[in-house]
Amino acid sequence: MPSLPNIPVEMWRHIFLQIVRVPGLLLTDRIDPFATIREADLYSERDIHTQSALLLVCKDWNTVVSELICEHIYLTSARQVDLIASRFERSKIHQGQRALGSRTRRLDVQIFNPVTRDMVNLARILRCTPNLEIFTDSNSYMTMPIGSHYVSPPMRTPGEVIQALLSTCAPSLRRLEWTRNECPSWDDLMALLRELRSLCTLTLANISGSYPEKSQRQHLILPNLRTLILGDSPSFSHASLGNVPLNALLTMLSDSPDQLPSLQRLEGFSPFSPTFLGMHGHKLRMVRTVAYTPLLPDIIAKCPNLETFITIFPHQFLDPITHTSLRRIGIFPISEDVVGVPAPIFSAYIMKPLEDLMSQIDQSDLPNLAQVRLRNVGTLASVIQYPKFIQKWQDRWSSKGVRFDDNSGRLFVTSMLDTLKTPTGSPENY
């Protein structure tokens, strides 16, 4: 085998970057929901086997690849947290400014029922990452057996983790997310929001503890916040409805328009605060929520510059609406997990309401509508087995100059769907 060309290490670094770095993983804003890849898919795009092979070639390659791998740290076990904390601390002592932790731009942690030691180790890692831009906390706690109908209460993120974020990462952090039932307390959240002046994206599944009374509310100003996501994303199920802490946060951010001057994207449970929409609705370009809400007319009326509206199905009720700037409508499933139900049940509880929803959109006055996206995965995956439905709406939207596409962003191709097996027991097949 011929030897590898003798080129500078920095040239190899550029080559390795194309192999190691996953496009979109280091974005400080959430991926567009209409993109061909989901946020959750980014983790599976990492080629761990290739990275491991590159590390073993030689010392120079090991150094360069190690630095690139450390750009994104994804922690899923207590052992990983302990190992990375120790490695980063050793690197900080021996390498100074070129310490591995200084290379880290994104840190995701997803541990089931973490213990105190895990969170202490996580704080150790954070104290080694002065250039961190993205921190995602997806830790979850379950105090009842899996399979029960018990909803786990919010659990407070330990203070040492919050302090590490404030003391080391505050100047660089641009994206902060809590996506499960571990979440910050009110005091910790307020401390973070006061200090993170560069914050662009905030995701909160919940807030721990009691919320401030009116006399204690603070006039928060988040000058760079573009994306605000509240509730149990991505489904925004009924577990999020009436969430008192999240509603209180919206109220706190509704005092004046200067609090969120850069806001463009709002996702979350319904109903949104009417006061919040009245104050900031004109800034919004994208809204994602359940459609079954009496405040939907307010969302449409108070967001005159809205371009993208995504409704979570089967919260399917949507009266005909009027909007002059709306360009994209998405119909996304309440769950993207693989499911299977008998054809008659799917026909009655999915296809019939979906037909009604499509008709309501069709009857709406949307002069600039250009795209309808039906995300046929999870609870909506089997819609491709109803070619008459696809054919009808493909023809209808095409006649109106509207693109009708699937979860991958491609047009539904009826000729291909005709070859699929008709669902057993489906009398009409739409």
Side-chain angles (χ1 to χ4, degrees), residues 33-34 234-237 267 270 286-297 299-300 303 306-336 339 341 343-418 420 422-423 426-430:
F34 277 63
S235 68
F236 304 121
S237 66
E267 302 185 25
S270 179
M286 179 186 298
V287 167
R288 178 175 178 176
T289 187
V290 299
Y292 191 77
T293 165
L295 279 185
L296 185 59
I299 293 175
I300 299 301
C303 300
L306 191 65
E307 297 175 355
T308 300
F309 177 74
I310 298 171
T311 177
I312 307 301
F313 188 89
H315 298 286
Q316 74 280 355
F317 185 79
L318 184 69
D319 279 331
I321 57 179
T322 298
H323 203 287
T324 57
S325 65
L326 195 61
R327 298 182 63 253
R328 304 189 302 179
I329 291 181
I331 303 170
F332 287 20
I334 195 169
S335 171
E336 296 197 353
V339 295
V341 296
I345 294 178
F346 188 87
S347 178
Y349 290 96
I350 299 294
M351 294 309 300
K352 179 57 171 66
L354 184 58
E355 173 73 22
D356 294 340
L357 177 59
M358 296 289 275
S359 297
Q360 290 159 358
I361 297 173
D362 183 36
Q363 294 165 16
S364 297
D365 182 11
L366 305 170
N368 286 305
L369 185 64
Q371 184 179 10
V372 174
R373 166 72 57 85
L374 177 58
R375 189 163 177 77
N376 55 306
V377 295
T379 50
L380 289 175
S382 295
V383 297
I384 62 171
Q385 297 180 352
Y386 292 77
K388 292 183 180 179
F389 170 87
I390 299 297
Q391 177 72 70
K392 171 186 174 180
W393 288 106
Q394 181 173 306
D395 291 346
R396 178 58 180 162
W397 293 124
S398 179
S399 70
K400 301 178 76 169
V402 176
R403 180 183 177 89
F404 181 44
D405 53 23
D406 63 9
N407 64 293
S408 64
R410 297 175 297 181
L411 292 172
F412 281 104
V413 183
T414 307
S415 60
M416 295 177 61
L417 299 178
D418 287 338
L420 295 174
T422 300
S426 176
E428 297 178 349
N429 196 24
Y430 283 87

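Just so it is clear, the values below take in all heavy atoms, side chains as well, and ignore hydrogens, waters and symmetry mates.
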If you take all heavy atoms of [X] and [Y], which pair is closest and at what distance?
X: F412; Y: L374; value: CZ-O, 3.9 Å
X: F313; Y: L354; value: CZ-N, 3.6 Å
X: V383; Y: I390; value: O-CG1, 4.0 Å
X: S364; Y: P320; value: OG-CA, 3.2 Å
X: E267; Y: P33; value: OE2-CG, 4.3 Å
X: A348; Y: P353; value: O-CD, 3.4 Å

side-chain contact (heavy atoms from CB on, under 4.5 Å) involving S408 - partner list, sequence neighbours excluded | D406, R410
Qualifying residues under side-chain contact (heavy atoms from CB on, under 4.5 Å), relative to S325, sequence neighbours excluded = H323
Are I321 and F309 close enough that some pair of their side-chain heavy atoms sits under 4.5 Å apart?
-> no
Stepwise side-chain contact (heavy atoms from CB on, under 4.5 Å) check, F404 with R396 = CA-CA 9 Å; F404 181 44; R396 178 58 180 162; over 6 Å; no
Which value, rounded to the nearest 0.5 Å, describes the distance between [X] atom [atom1] and [Y] atom [atom2]?
X: R403; Y: R328; atom1: CZ; atom2: CZ; result: 12.0 Å
X: D362; Y: W393; atom1: CG; atom2: CH2; result: 4.5 Å
X: K400; Y: L369; atom1: NZ; atom2: CG; result: 7.5 Å
X: S347; Y: E355; atom1: OG; atom2: CD; result: 10.5 Å
X: I331; Y: L380; atom1: CD1; atom2: CG; result: 8.0 Å
X: Q363; Y: L366; atom1: CD; atom2: CG; result: 11.5 Å

Between N368 and L326, is there a donor-acceptor pair closer than 3.5 Å when you use the side chain of the first and the backbone of the second?
-> no
Please confirm whether the backbone N or O of M286 pairs with a side-chain atom of T308, one donor and one acceptor, at under 3.5 Å?
-> no
What residues, two or more places apart in sequence or in another chain, satisfy side chain to side chain donor-acceptor pair (under 3.5 Å) together with R327?
-> none
Listed partners of Q371 passing side chain to side chain donor-acceptor pair (under 3.5 Å), at least two apart | D405
D395: salt bridge (charged side-chain N to carboxylate O under 4.0 Å, His left out) partners, not counting sequence neighbours = none
Within 45° of the axis and under 6.0 Å from the centre of the six-membered ring of F332, does NZ or CZ of R288 qualify?
-> no
Write out all pairs satisfying ring pair (Phe, Tyr, Trp, His ring centres under 6.0 Å) with one or both partners inside residues 343-365, taking only residues at least two apart or from two chains.
-> F346-Y386
With side-chain contact (heavy atoms from CB on, under 4.5 Å) as the test, would you mind laying out the steps for W397 and I361 before giving the verdict?
-> CA-CA 10 Å; W397 293 124; I361 297 173; 3.6 Å; yes
